[in-house]
Student: 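Let me begin by handing over the structure; questions about it come next.
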Amino acid sequence: MLHGREIMKRWSAGFAVATGIFCLVFGVCAPALALDPGDGTVLDTRQLDTSKPARAPASGKKDPPPAEKAELSVYQVYSMYFGTLVDNDGYVVLGTGDTILQDPDHLVYGGVPQSAQIRLNGDPFVAVTVDFTSGSATGFSLGSFETDYGTPPLSGLTLDATGYLTLHVGARLQLDATMLSSGNGQQVGYTVSALYE
């Protein structure tokens with residue numbers, strides 16, 4: 001199979017915003033493309049500005065309603081890919097710069113690693129909080145996420161003038177050979193959560 005970078009489907013949501021899936025291939029098989037089916041979840045993320053107490057003006061006119069924030073959306077531009085791995089016990093750590101940082105158990109057999117790229121979109125210059133939830137599948141455990149902004153949970157990250165923020169993401173993948181099945185198409189999902197502050 002070809003290994004390329006594809007732009008994935010965009011999802012909008014409030015706090016449980018995107019689930020990224022990646023494939024792991026074992027043995028001498030060719031690397032598989034990363035998959036990201038998503039669940040299509042859409043939640044209302046409007047938040048009211050309640051920093052000023054409600055009061056009626058002296059003229060008898062009502063204050064205009066507080067401004068609403070744009071919907072905060074999160075989507076995966078590139079999926080995480082650890083390369084071709086052998087069927088054995090151990091772990092592999094993928095960094096934020098498309099490199100394998102640790103492979104003490106010699107699990108990486110080949111392929112080109114790829115860090116995930118997650119993009120947020122919302123109101124310009126607004127701060128957000130971002131977190132990642134670990135995932136697991138038969139024989140796999142994914143966790144210890146790392147981003148180019150530090151270790152999650154992250155807070156105080158600000159969307160740029162166009163309303164975007166892009167994170168490069170790596171993680172640690174643990175393998176349990178007693179539960180693994182050889183072959184391509186092995187998938188583990190994880191969740192990215194984002195909220196306006």
Side-chain angles (χ1 to χ4, degrees), residues 1-11 13 16-41 74-120 130-154 165-194:
M1 290 173 139
L2 297 176
H3 174 66
R5 294 183 177 214
E6 296 181 6
I7 295 183
M8 300 297 170
K9 184 177 177 181
R10 180 181 180 143
W11 303 286
V17 291
T19 301
I21 305 292
F22 57 90
C23 295
L24 305 173
V25 182
F26 298 97
V28 294
C29 298
L33 281 176
L35 300 175
D36 188 10
D39 62 0
T41 303
V74 176
Y75 55 98
Q76 181 173 264
V77 179
Y78 300 122
S79 301
M80 221 178 280
Y81 181 73
F82 286 82
T84 303
L85 304 176
V86 296
D87 184 355
N88 207 348
D89 288 329
Y91 71 91
V92 177
V93 177
L94 175 66
T96 61
D98 298 332
T99 57
I100 297 295
L101 299 180
Q102 296 178 29
D103 182 17
D105 304 298
H106 309 290
L107 299 177
V108 177
Y109 182 77
V112 179
Q114 176 179 293
S115 304
Q117 190 176 100
I118 306 295
R119 185 167 291 159
L120 285 69
V130 180
D131 201 5
F132 292 78
T133 303
S134 299
S136 63
T138 304
F140 300 105
S141 178
L142 182 70
S144 301
F145 294 93
E146 191 65 36
T147 75
D148 50 346
Y149 286 91
T151 304
L154 305 168
L165 174 68
T166 301
L167 302 170
H168 295 91
V169 183
R172 175 184 163 143
L173 180 69
Q174 181 77 41
L175 280 68
D176 180 354
T178 62
M179 300 174 69
L180 292 174
S181 298
S182 295
N184 59 11
Q186 306 288 331
Q187 301 175 357
V188 182
Y190 62 100
T191 304
V192 182
S193 304

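For reference, positions follow the sequence shown, starting with 1. Just so it is clear, the structure is predicted and the values come from calculations on it, not from any experiment.
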Student: Report the distance from atom CG of D87 to atom CG of L107, rounding to the nearest 0.5 Å.
Tutor: 9.5 Å

Student: Drop me the distance from T166's OG1 to L120's CG, to the nearest 0.5 angstrom.
Tutor: 8.0 Å

Student: Does the Q174 side chain pair with the main chain of G90, one donor and one acceptor, at a distance under 3.5 Å?
Tutor: yes

Student: With under 30° as parallel and over 60° as perpendicular, where do the rings of Y190 and F145 fit, or are they tilted in between?
Tutor: tilted

Student: Please give me the minimum heavy-atom distance between I100 and F82, naming the atom from each residue.
Tutor: CD1-O, 4.0 Å

Student: Please answer whether the main-chain N or O of Y149 pairs with a side-chain N or O of T147 as donor and acceptor at a distance below 3.5 Å.
Tutor: yes

Student: For the residue pair V192 and V130, establish whether any side-chain heavy-atom pair is separated by less than 4.5 Å.
Tutor: yes

Student: To the nearest 0.5 Å, what is the distance between CG on L180 and OG1 on T138?
Tutor: 9.0 Å

Student: Show, in sequence, the C-alpha distance, side-chain angles and deciding distance for V108 and T84, and conclude whether the side chain to side chain contact (heavy atoms under 4.5 Å, CB included) test is met.
Tutor: CA-CA 6 Å; V108 177; T84 303; over 6 Å; no

Student: Under a 3.5 Å cutoff, is there a donor and acceptor pairing between the side chains of Q114 and Y78?
Tutor: no

Student: Looking at CE of M179 and OG of S136, how far apart are the two atoms once the value is rounded to the nearest 0.5 Å?
Tutor: 9.0 Å

Student: Main chain of T178, side chain of D176: is a donor-acceptor contact present, judged purely on distance under 3.5 Å?
Tutor: yes

Student: How long is the gap from CE on M80 to CG on D98, to the nearest 0.5 Å?
Tutor: 11.0 Å

Student: Which heavy atom of G95 sits nearest a heavy atom of L101, and at what distance?
Tutor: CA-CD1, 3.5 Å

Student: To check you understand the geometry: which heavy-atom pair defines the closest contact between G97 and S115, and what is its length?
Tutor: N-OG, 3.5 Å

Student: Does the side chain of E146 pick up a donor-acceptor pair with the side chain of T151 at under 3.5 Å?
Tutor: yes

Student: Which atom names give the shortest non-hydrogen contact between D131 and P152, and what distance separates them?
Tutor: OD1-CB, 3.7 Å

Student: Could you tell me whether the side chain of D148 and the main chain of H168 form a donor-acceptor pair under 3.5 Å?
Tutor: yes

Student: Can you list the steps and then say if L173 with L85 is a side chain to side chain contact (heavy atoms under 4.5 Å, CB included)?
Tutor: CA-CA 11 Å; L173 180 69; L85 304 176; 3.9 Å; yes

Student: Can you see which heavy atom on A171 is nearest to which on G143, and at what distance?
Tutor: CB-O, 3.5 Å

Student: Check whether D105 reaches the backbone of Y91 with its side chain - one donor and one acceptor, N or O, closer than 3.5 Å.
Tutor: yes

